[in-house]
Peer 1: 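For reference, the structure I am asking about is given below.
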There are 2 protein chains.
Amino acid sequence: MINRTMPRGPYKPGKIRQKSQQTMLEAAIQAFSQYGYSGTSMQSIADIAGVPKANVHYYFKNKLGVYTAVLGNILDMWDTVLNDITIADDPATVLCRYIDAKIDFSRTHPQESRVFAKEMLSGAPHLQEFLQAKYTTWLDNRLSIFRHWIKVGKMDDVEPTHLMFMIWGSTQHYADFAPQVTQSLGTDTLQQEHFDAAAKTVKQVILRGCGLTPPE
Amino acid sequence: MINRTMPRGPYKPGKIRQKSQQTMLEAAIQAFSQYGYSGTSMQSIADIAGVPKANVHYYFKNKLGVYTAVLGNILDMWDTVLNDITIADDPATVLCRYIDAKIDFSRTHPQESRVFAKEMLSGAPHLQEFLQAKYTTWLDNRLSIFRHWIKVGKMDDVEPTHLMFMIWGSTQHYADFAPQVTQSLGTDTLQQEHFDAAAKTVKQVILRGCGLTPPE
DNA sequence: TTAAAAATTGACCAGATAGACAAGATTTGT
DNA sequence: ACAAATCTTGTCTATCTGGTCAATTTTTAA
């Protein structure tokens, strides 16, 4: 997406283009996640990718094009989990699976999480479309399921929207506020065990807080 | 703090200097909270403050000086709450007070919250001293009180560090992810009632999740 | 092999930015 | 009132940045 040129004619496009773009996108997300949009220069992206700056301009229309491509990749990861829940499911199981998945995302994709967070902190100017379209329906569907569970007594009357915010906030924290977390836990780098302990506590509090008991 | 010149001699310093600096700091936090450090120009700060750019340079050593002054002001707000808790206190009361205070901070100081969050997201290069000194002892003191409450059975065995992260993450979310929150709640701007509902849900889940019952 | 398409790259440009500076205006203590 | 200190502000500069372009090299399909 966001290619400037779309190769045509007697030529099989793709391989070089795809690989180069991928390299540059990975360089870009690294830069954006640390320095933000304004703090990242095309030159620095090129340096990280190990190519001349003009090469980045060849594959992307401009700096905003690189950024929106990065953002698009991140948004594509959005609904991987909690996508197939139904009214028949067990709330405790669903919440556990979601919390585990979110914590795991903070562990395996901290850079993506930070780019997303920085965009939000800047007022989400490039997420309006996403928020109004894809996200809203995604959320509404899940909220209605939670509301049903509450109505039939499967869980306590906890306002579902704010419950979701609690889970998001609690789990994102481990990626976005990593310096504070590492300092608090007295470690240099966050290890698997730290994320496991985090998931355990979040699940314990959320489930109990909703009047649920851990599955199995 | 971070003044370039410290007036001396037969002259009563302060009034003009203090007022001008205050105006510029308010302009600066507004700019930094939205556009980040790199995205904010000295010119934009001057424009917001309504003064020529050279005036900003007169009162602050350089751009980093403005930023660290802003950051320092924010850090000074840190321990206003949860500062005087003791072992004798009631856990439920303390947690409620803290959650209310944090949510209220997100409501009344969203810009400060966002500047702090952006600094964290960038790896907190200017917070190392704060994190290692003031913050660590602050946290350790509170954690030991939580651990005592757990030991004597006043609350469930919930890992206190991660419990604190849950509260921080959940409450910060309303300032830092405001675009997502407003979209989810179907409103244009967050009102008092939304923050009240947020505080209610967070308190409900956290307290119940720790095996506590709401006070009085 | 070869010609067209695609990819690479160095050089260049216009605008923005942080910061310096000096001249002038204002405030202060006496 | 007046001199010293502080404050204000227009102007200037060196540097950085996003973006363009044309020349060269590499890859591809026939």
Side-chain angles (χ1 to χ4, degrees), chain A residues 1-28 30-32 34-71 125-126, chain B residues 2-25 27-28 30-32 34-71 125-126:
Chain A
M1 63 189 79
I2 321 291
N3 300 351
R4 175 164 61 163
T5 59
M6 269 301 180
R8 287 286 177 274
Y11 189 87
K12 192 171 71 179
K15 284 201 59 171
I16 293 180
R17 181 171 209 88
Q18 200 169 345
K19 190 175 175 186
S20 291
Q21 270 188 332
Q22 185 61 28
T23 304
M24 292 173 192
L25 282 177
E26 287 170 12
Q30 179 180 332
F32 283 136
Q34 184 165 9
Y35 304 110
Y37 179 76
S38 300
T40 296
S41 65
M42 294 296 271
Q43 185 64 61
S44 72
I45 295 176
D47 289 346
I48 296 176
V51 298
K53 187 184 66 157
N55 214 338
V56 184
H57 277 98
Y58 176 73
Y59 281 105
F60 296 91
K61 187 179 167 219
N62 50 27
K63 186 178 172 183
L64 191 59
V66 183
Y67 182 70
T68 53
V70 165
L71 218 49
H126 305 292
Chain B
I2 322 291
N3 299 350
R4 176 164 61 164
T5 59
M6 268 302 178
R8 288 284 177 276
Y11 189 87
K12 192 171 70 177
K15 282 201 60 173
I16 292 179
R17 181 171 209 87
Q18 200 170 343
K19 189 175 175 185
S20 291
Q21 271 188 332
Q22 185 60 28
T23 303
M24 293 174 191
L25 283 178
Q30 180 180 332
F32 283 135
Q34 182 164 8
Y35 304 110
Y37 178 77
S38 300
T40 296
S41 65
M42 293 295 271
Q43 185 65 61
S44 73
I45 295 175
D47 288 347
I48 296 175
V51 298
K53 185 185 65 155
N55 215 339
V56 183
H57 276 98
Y58 176 73
Y59 282 105
F60 297 92
K61 188 180 166 217
N62 50 29
K63 186 178 172 183
L64 191 58
V66 182
Y67 182 70
T68 53
V70 165
L71 218 48
H126 305 293

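Every value quoted in this text rests on a predicted model; they were computed, and no experiment measured them. Each chain gets a letter, A, B and so on, in the order its sequence line appears, and its residues count up from 1.
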Peer 1: Among dC7(D), dA7(C), dG10(C), which is the nearest nucleotide to the side chain of Arg17(A)?
Peer 2: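 Nearest to the side-chain atoms of Arg17(A), counting from C-beta on, is dA7(C).
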Peer 1: Should the pair Tyr67(B) and His126(B) be assigned to parallel (<30°), tilted (30 to 60°) or perpendicular (>60°) ring geometry?
Peer 2: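 Ring orientation of Tyr67(B) relative to His126(B): perpendicular.
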Peer 1: Kindly point out which of dG19(D), dT8(C), dT8(D) is positioned nearest to the side chain of Ile16(B)?
Peer 2: dT8(D)
Peer 1: Is the backbone of Arg17(A) close enough, under 3.5 Å, to the side chain of Ser20(A) for a donor and an acceptor to pair up by distance?
Peer 2: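 Between the backbone of Arg17(A) and the side chain of Ser20(A) there is no qualifying donor-acceptor contact (under 3.5 Å).
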Peer 1: Nearest-Å distance, NZ (Lys15(B)) to C1' (dG29(C))?
Peer 2: 16 Å
Peer 1: What's the OH-P distance between Tyr59(A) and dG19(D), to the nearest Å?
Peer 2: 18 Å
Peer 1: Does the side chain of Phe32(B) come within less than 4.5 Å of Val66(B)'s, by heavy atoms?
Peer 2: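 Heavy-atom side-chain distance check passes, below 4.5 Å.
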Peer 1: Which whole-number value in Å describes the distance from Tyr58(A) OH to dA5(C) P?
Peer 2: 12 Å
Peer 1: How bent is the helix from dT1(C)-dA30(D) to dT30(C)-dA1(D), comparing axes over its five end pairs at each side, to the nearest 10°?
Peer 2: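 The two end axes of the helix from dT1(C)-dA30(D) to dT30(C)-dA1(D) meet at 30°.
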Peer 1: I'd like to check the side-chain contact (heavy atoms from CB on, under 4.5 Å) partners of Ser41(A); sequence neighbours left out, ordered by chain and number.
Peer 2: Gln43(A), Ser44(A)
Peer 1: Calculate, to the nearest 0.5 Å, the distance between atoms CG and CG belonging to Leu71(B) and Leu64(B) respectively.
Peer 2: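 The distance works out to 9.5 Å.
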Peer 1: With Tyr35(A), which residues qualify under side-chain contact (heavy atoms from CB on, under 4.5 Å), at least two apart?
Peer 2: Thr40(A)
Peer 1: How close or far is atom P of dG19(C) from atom CG of Asn62(B), stated in whole angstroms?
Peer 2: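 Asn62(B) atom CG is separated from dG19(C) atom P by 5 Å.
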Peer 1: Does Ser20(A) or Lys63(B) map to a spot on DNA chain C nearer the 5' end, using the closest nucleotide for each?
Peer 2: Ser20(A)
Peer 1: How many whole angstroms separate atom NE2 of His57(B) from atom P of dC7(D)?
Peer 2: 17 Å
Peer 1: Which whole-number value in Å describes the distance from Lys19(A) NZ to dT8(C) P?
Peer 2: 11 Å
Peer 1: For a quick check of understanding: with a heavy-atom distance under 4.0 Å over all strands, which category does Asn55(B) fall into, base, sugar-phosphate or nothing?
Peer 2: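 It contacts base atoms.
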Peer 1: Can you find a pair of side-chain heavy atoms, one from Phe60(A) and one from Leu25(A), that are under 4.5 Å apart?
Peer 2: yes
Peer 1: Could you list, one pair per line, each protein nitrogen or oxygen that sits under 3.5 Å from a nitrogen or oxygen of nucleotides 11-16 of chain C, together with the distance?
Peer 2:
none

Peer 1: How many angstroms lie between CG in Asp47(B) and NZ in Lys53(B), if you round to the nearest 0.5 Å?
Peer 2: 10.5 Å
Peer 1: Heavy-atom contacts under 4.0 Å between residues 34-49 of chain A and DNA chain D, which residues?
Peer 2: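 Only Thr40(A), Ser41(A), Met42(A) qualify.
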Peer 1: Measuring from Gln18(B):CD to Thr23(B):OG1, what's the distance to the nearest 0.5 Å?
Peer 2: 11.0 Å
Peer 1: What integer distance in Å separates Lys61(B):NZ from dA18(C):C1'?
Peer 2: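 Result: 13 Å.
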Peer 1: Find the distance between CE (Met42(B)) and CE (Met24(B)) and round it off to the nearest 0.5 Å.
Peer 2: 9.5 Å
Peer 1: Considering residues at least two apart in sequence or located in another chain, which fulfil the side-chain contact (heavy atoms from CB on, under 4.5 Å) criterion with Gln30(B)?
Peer 2: Ile48(B), Gln111(B)
